[in-house]
Structure formats: C-alpha cells, structure tokens
Number of protein chains: 2
Amino acid sequence: MKCVTEKSEDRIREAAKRVFLKKGFDGTTSRDIAKEADMNIALTNYYFRSKEKLFLEVFKDVLEEYFQNMLTILNKDIDIKTKISEIIDNDFYMMKKEPDLVIFIMNEIHKSPQRLFPDMSIFRQVRETYLKKQLEEGAANGTLRPMQLENILPLIKCGVEFIFMGKEIHKELFMMTDDDFAKYAEEQKEHIKAMVCNYLVIG
Amino acid sequence: MKCVTEKSEDRIREAAKRVFLKKGFDGTTSRDIAKEADMNIALTNYYFRSKEKLFLEVFKDVLEEYFQNMLTILNKDIDIKTKISEIIDNDFYMMKKEPDLVIFIMNEIHKSPQRLFPDMSIFRQVRETYLKKQLEEGAANGTLRPMQLENILPLIKCGVEFIFMGKEIHKELFMMTDDDFAKYAEEQKEHIKAMVCNYLVIG
DNA sequence: ATATATTTTAAATGCTTGTTTAAATTTATC
DNA sequence: GATAAATTTAAACAAGCATTTAAAATATAT
C-alpha cells in the first residue's frame, strides 16, 4: 500500500536500503527492491539509472550512519573513560537497532573496496577528532598508555561488533537462545569497557 | 590446464572453495566454479547434484578449518598467558593465509544461519576444551578473574579478526598502504595479547 | 577383444536477471 | 481547459542463470 505523502524516489531508496542490508548487493534483485517499495520494476532505473548506482547511493548513506554517532562522541569534551563507555554503549545500541549494518559494510567493502570509496570525507573527520588530542595529552602527562587513534579505536569497537556480527554462530556455538544472547551481550559489553579502560588508563 | 593426478570431484571442490570464499554464495555462479576448475559446467552437477549441495560441503570444511587449529591450542597443557598468545598468533597466521575465510563464514551464517548448521560436532569440541578447566581452576584459586569460556574467547579472537576482516576500510580510514597495514597489524596483535592477559590474569 | 560402466562433452532446457521501450496516466503550466 | 512535462505502467529485451539431456569418449571388467 503506497504512502502518498512520500516521494517515489525516497520510497525506492529506503526499500533498497532495507533489502541491500539484508541480502547484500549480489543477493538482491531489482525486482526485490521494487516489491519492497511496492512500485513498478521500471521505476528503480527511472530514478537511479541502474542497480549499481542505487547501491552506491545507499552504501554512502549506510557508511555515514555507521560513523556519525561515534564521531559526535569522539568530539565530546568528556573524560576518556566516559568516552570509551559511551562509544561502546552507542555501538551496542546500533547493533541492536540495525543488526545487518556492520556485517553488510564489512562484507561489501571486502568484496570490492575500490568501487566503494569515492569521496568519503567522513574518514577525515574520524581521523581528526578531539579524542586524538586527548590521547596525545594523556600520553604526554603519563595518565594514558601511549597509543595512536588507529590502535585504540578498533580495540574499543571490535568487541561489541564482533559478537553481534557473529550472533548466530555464537548462539549455536555456546547453545544460547535469543534471550540468553541478550544477557550474554550485556555482560560482554561491561567486560569490554573494563578491559579497554584498564589497558589504556594508567593507575 | 588439467592436473591428471587429481580426481575431478576434488578439483571441483577445491575450485569451488576458492571461488565461494572470494565471491560468496550469491556472487558465485556454477560457471565461475567450472571455469576455475577448468572443467565442463555439467560436471559440477554430475558430482554434487547442485550448487547448493556443493556449497554446503565446502562450507562444512571451511568451518572446520576455522576451528581446528584453535581447538588444538585450547587443549594444550600450557599456562594461560602462553595459550592466549598462541591463539592470537594462530588467528593472525590464519587471517594472513586465508584473508577471506572469516568474513565469508560470518556473512554466510548471518544471511542464512538455519541452513548451515546440520551436525557441527566441532562446536561441542570447542565447548569442552582444557581451557575451560583452566578457567575454572584459576577462578577458584584466585589467579584468574572469574570468566566463562564464552566471555573470554571472543575477547581473544575479536581483535585480530576484526582488523583483518575490515582491512580495506582500516587502510582507507587511517590512510595506510599494504605495508603500513602489515606493521600496524603486528602492533595491534601485541596490544591485544597484553590487554586480554592483563584483564584475565590477576596480579 | 568385447561388453559394460563411468566420465566428459556440447547443446538445450526453462527461468530469472538488469534494463529498456513505448504507451498510458497523472501532474504541472499557461 | 488545453498543452506540455513528469510519472507510472505492462510488456518486452537480450543475457546469464542453474540444471538437464543425450550422445561421445574413456576406462573397466570379462
């Protein structure tokens, strides 16, 4: 049933995002997208010229969605333990809200990296956050273990993202139900916070 | 050019593994596999009945390859710091040797978990290793922070696997060449070892 | 050497793919 | 309200898909 208040182009873009996230580029057909948007198949090419171009638009949005909230937190003027905790909490929230997002990004970039990095100004923004300055100052005055942004950031993010990307294999491996997993993930989140802070913050 | 000493069935299986790992199930065609094996297209179905059945055979092998070396290390009678170090080194070695393996497993299971867990006796073996006993004893005598296998194991594995799965995005994000990344990954490996050991081992 | 079974082949099957066409319909402009 | 532009539609396109067929080639057994 069509929502008349919304532009067709946006309807297609949003439908495409849902389908691409779930099935990946190779697993998605133009007809899947048209059906999800409840529109004629020809309209996907009328508005976006090709499946490829539609995908690139969606992918750019998805990649920015992945970085945007983290970027805001990285630039906050808060102490570094709180910052790490907030990044991890945000990651946790994101993985629950959009369980397909990270594995989708990882997989699509892994399969064809060259095609997916056109401008990506968001990358520069991640490189130049306030956290970087905090790390330098902390290392200089001896409160933090000397580490670069590229070393600490993956340590912060990998824990939560890894168990959610591998949710089904972790469930099977450790014989967990969905409820078990939810409780397990909460435990794991606190372990990660403590482990990373213990390692980075001296004393 | 055909290798006459090798059975056709095995040639197809090995070609299929290479292509599936690189392109995923959806991105792989039967013709891709036949071409990689340098054999007639009809032979894939002559020996394996369907692309799906061939994939399931390959996937089972790949999943066992993922767990097998780790399983051996988990059962070694060595102290727990050494054990963690060996698991991480092994992960590192595996990611360099088979860069597509982990993201492939994660992605395929994420997309359709139910179809990929038939018997999986390897999972039980992972659950019942000597490490589990070491964790219980260490927690009992106060040398280790009390943790379950399902909590510590992902912490050990996520660091290395995460940066290699996201190799291309990390290269782009932090403006690294392949050589830069190789050095960076070595650094990161040592950070992970130290961080996990510091957290698990008391004192 | 001949008969049988196995393996390989080229060709064809019917179906799905991304994309395009041209006509029909709706919307905007004067 | 007529005309032009934008949008939507059903239908078709060629190409590629997984799979099957039946004949040819090869290996095996008698």
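What's counted below: heavy atoms across the whole structure, side chains too, no hydrogens, waters or symmetry copies. Numbered from 1 within each chain, the chains take letters A, B, ... in sequence-line order. Computed from a predicted structure; not experimentally measured.
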Measure [atom1]/[X] against [atom2]/[N] and give the value in whole Å, please.
X        : N       : atom1 : atom2 : result
Leu43(A) : dA22(C) : CG    : P     : 18 Å
Lys35(B) : dC17(D) : NZ    : C1'   : 16 Å
Asp26(A) : dT17(C) : CG    : C1'   : 13 Å
Lys23(A) : dG18(C) : NZ    : P     : 11 Å
Phe48(A) : dT7(D)  : CZ    : P     : 12 Å
Asp38(B) : dT9(C)  : CG    : P     : 9 Å
Asp32(B) : dG16(D) : CG    : C1'   : 11 Å
Ile12(A) : dT9(D)  : CD1   : P     : 10 Å

Problem set entry | N or O in side chain of Ser30(A) less than 4.0 angstrom from dT17(C) OP1/OP2 | no
* If only side-chain N and O atoms of Ser8(A) are considered, is one of them under 4.0 Å from the OP1 or OP2 phosphate oxygen of dT8(D)? -> yes
Where the side chain of [X] is concerned, which of [options] is the nearest nucleotide?
X        : options                   : answer
Tyr46(A) : dT7(D), dT21(D), dA10(D)  : dT7(D)
Lys51(B) : dT8(C), dT8(D), dA18(D)   : dA18(D)
Thr29(A) : dA10(C), dT19(D), dG18(C) : dG18(C)

Of Asn45(B) and Ile41(A), the one whose closest nucleotide on DNA chain D sits nearer the 5' end is Ile41(A)
Looking only at the aromatic ring of each residue, does the gap between the centers of [Y] and [X] stay below 6.0 angstrom?
X        : Y         : result
Phe59(B) : Phe20(B)  : no
Phe48(A) : Phe55(A)  : no
Phe67(A) : Phe123(A) : yes
Phe92(B) : Phe164(B) : yes

>> So Ser50(B), base contact, sugar-phosphate only, or nothing? Heavy-atom distance under 4.0 Å.
In response: sugar-phosphate
NA contact type, Tyr47(A), heavy-atom cut-off 4.0 Å: base, sugar-phosphate, or nothing?
sugar-phosphate
Comparing nearest nucleotides in DNA chain C, the 5'-proximal residue of the pair Glu9(B), Arg31(B) is Glu9(B)
What I want to check is whether the side chains of His170(A) and Tyr184(A) have a donor and an acceptor closer together than 3.5 Å.
no
